[in-house]
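When a ligand or atom number is given, it counts from 1 through the structure's own listing order.
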Amino acid sequence: MKVSIIGQGYVGLTISAFAGKFYEVLGFDSNQIIVDQLNQGISHIEGVESSDLKRWLKEGKYRATTSAADINGSDIVVIAVPTPLTKDRQPDLTFIDAACKTVGESLKNPALIINESTSFPGTIRNYIKPAIENYSGGMFEHLYAISPERVDPGRGDFNQKNTPRLYAGLTPEASAKTRDFYSKFCDQLVEVSSPEVAEAAKLFENTFRQVNIALVNEFAQITNALGISVYETLDAANTKPYGFMRFTPSAGVGGHCIPVDPTYRAAVAEELGVPATFIRRANEVNLEMSKYIVDRVEADNGGSLQGKSVLVVGVAYKPNVADVRETAAELVIEHLRSRGAIVAWHDDVVGTWHGEKSSDLAGADISIVITKHDFVDTRKIMASAPYVFDTTGKLPQAHGL
Ligand SMILES: NC(=O)c1ccc[n+]([C@@H]2O[C@H](COP(=O)([O-])OP(=O)(O)OC[C@H]3O[C@@H](n4cnc5c(N)ncnc54)[C@H](O)[C@@H]3O)[C@@H](O)[C@H]2O)c1
């Protein structure tokens with residue numbers, strides 16, 4: 001069976017790695033540099049080893065391409081492309097549309113089309129299916145299904161095999177074929193009654209996290225005003241064996257999912273005339289954390305950051321990954337610069353960001369820790385500046401939330 005996976009990023013390459021054990025996988029990506037690297041056996045995604053990639057390439061199980069024509073003849077096409085927000089923070093389906101164009105124009109046989117990209121309820125039924133039919137001139141009767149991705153890059157305990165997978169087809173045949181496809185490499189498949197339920201469940205999972213992160217971020221500001229430790233208070237609450245889940249305060253939410261997906265949900269809710277109050281407010285609280293942190297650092301440093309050298313430590317959106325999408329470090333740096341600070345950043349995992357290289361972890365007036373990768377030495381961070389502010393809860397000796 002030939003499977004084409006559109007998009008070879010965090011989701012698409014991870015799925016390719018698992019599916020490649022059972023199917024012939026074609027990884028289609030519009031980025032020539034990524035495709036060239038993949039065909040040389042160089043993985044750019046944590047959790048997909050270059051040594052494995054080299055083996056699959058050698059065994060002829062996997063190949064990457066930028067040529068849309070190669071998709072023809074696929075039995076299954078999986079769409080795993082970005083679903084970001086526009087500049088005015090509205091759902092941006094341009095990548096999905098481009099993927100539909102590729103599939104519609106190049107696939108010359110009936111196939112099962114599965115969407116794994118995160119989007120609002122109704123995307124597969126009202127957007128992807130009509131778009132592909134439009135681009136193909138309605139030549140083929142494809143089957144359509146959704147199976148939202150739950151991968152958490154860099155995570156060791158849960159992966160494609162042991163994370164239950166939701167799915168639903170537009171027809172019973174599409175559902176059955178989707179189940180067959182994933183059952184080879186996923187232990188638990190959960191069918192729901194419609195694609196809209198699966199799409200909505202994925203958005204709710206991430207909204208749940210966004211709202212709870214906002215709640216704990218607001219709570220950290222309250223405990224600070226009360227003069228008590230937020231971490232000790234959370235640990236105390238966490239001794240309750242039911243009805244509580246511990247979230248950790250931070251500089252905000254980052255990554256492609258948590259800051260973005262709830263807005264897809266809010267947009268659809270508001271279109272239907274239902275206010276998405278929690279989602280909008282949670283987003284604001286999380287975005288405002290960067291200002292709160294810089295306010296605290298400024299107050300601790302004589303009320304002015306003018307001319308002070310500030311090192312932002314860890315600019316990836318979470319530990320042990322190189323992903324900087326929607327990172328809270330960006331807003332923290334903006335606030336610092338707007339107050340006259342001379343800002344540099346250190347992150348050896350990210351390496352280069354916005355054309356700037358990672359600076360040494362030393363020699364600043366002030367260090368602010370946004371993300372702490374496991375291998376970074378805590379003592380080195382503490383020695384990098386006379387004043388260190390920690391937003392991660394991993395440096396108890398530092399000032400912090
Ligand atoms: N990263 C995660 O942890 C995660 C988890 C669950 C769900 N998701 C969702 O999965 C989807 C993909 O996210 P990702 O993290 O893999 O993104 P990514 O940016 O890592 O990868 C997307 C890839 O798609 C390629 N691409 C863009 N447009 C294309 C097109 N028209 N044709 C072919 N390739 C194209 C890009 O070059 C890139 O390599 C998003 O909807 C995201 O919300 C991501």
Item to check | ring pair (Phe, Tyr, Trp, His ring centres under 6.0 Å) contacts in which one or both residues fall within residues 324-370, not counting sequence neighbours | outcome: W345-W353

Checklist entry - Near ligand 1, which residues have a heavy atom under 4.0 Å away from one of its atoms? => result I6, G7, Q8, G9, Y10, V11, F28, D29, S30, N31, I34, A80, V81, P82, T83, F95, A98, A99, S117, T118, E149, V151, P153, K202, H256, C257, R325

Checklist entry - To the nearest 0.5 Å, what is the distance between CG (L311) and CG (D360)? => result 9.0 Å

Item to check | Residues which pass salt bridge (Lys or Arg N to Asp or Glu O under 4.0 Å) with D157, listed by chain and number, not counting sequence neighbours | outcome: R155

Checklist entry - Sequence neighbours excluded, which residues qualify as ring pair (Phe, Tyr, Trp, His ring centres under 6.0 Å) partners of Y292? => result none

Item to check | F18 six-ring face occupied by K21 cation (under 6.0 Å, within 45°) | outcome: yes

Next on the checklist: Test your reading of the model: is there a side-chain donor-acceptor pair from T371 to the backbone of A316, 3.5 Å cut-off?
Outcome noted: yes

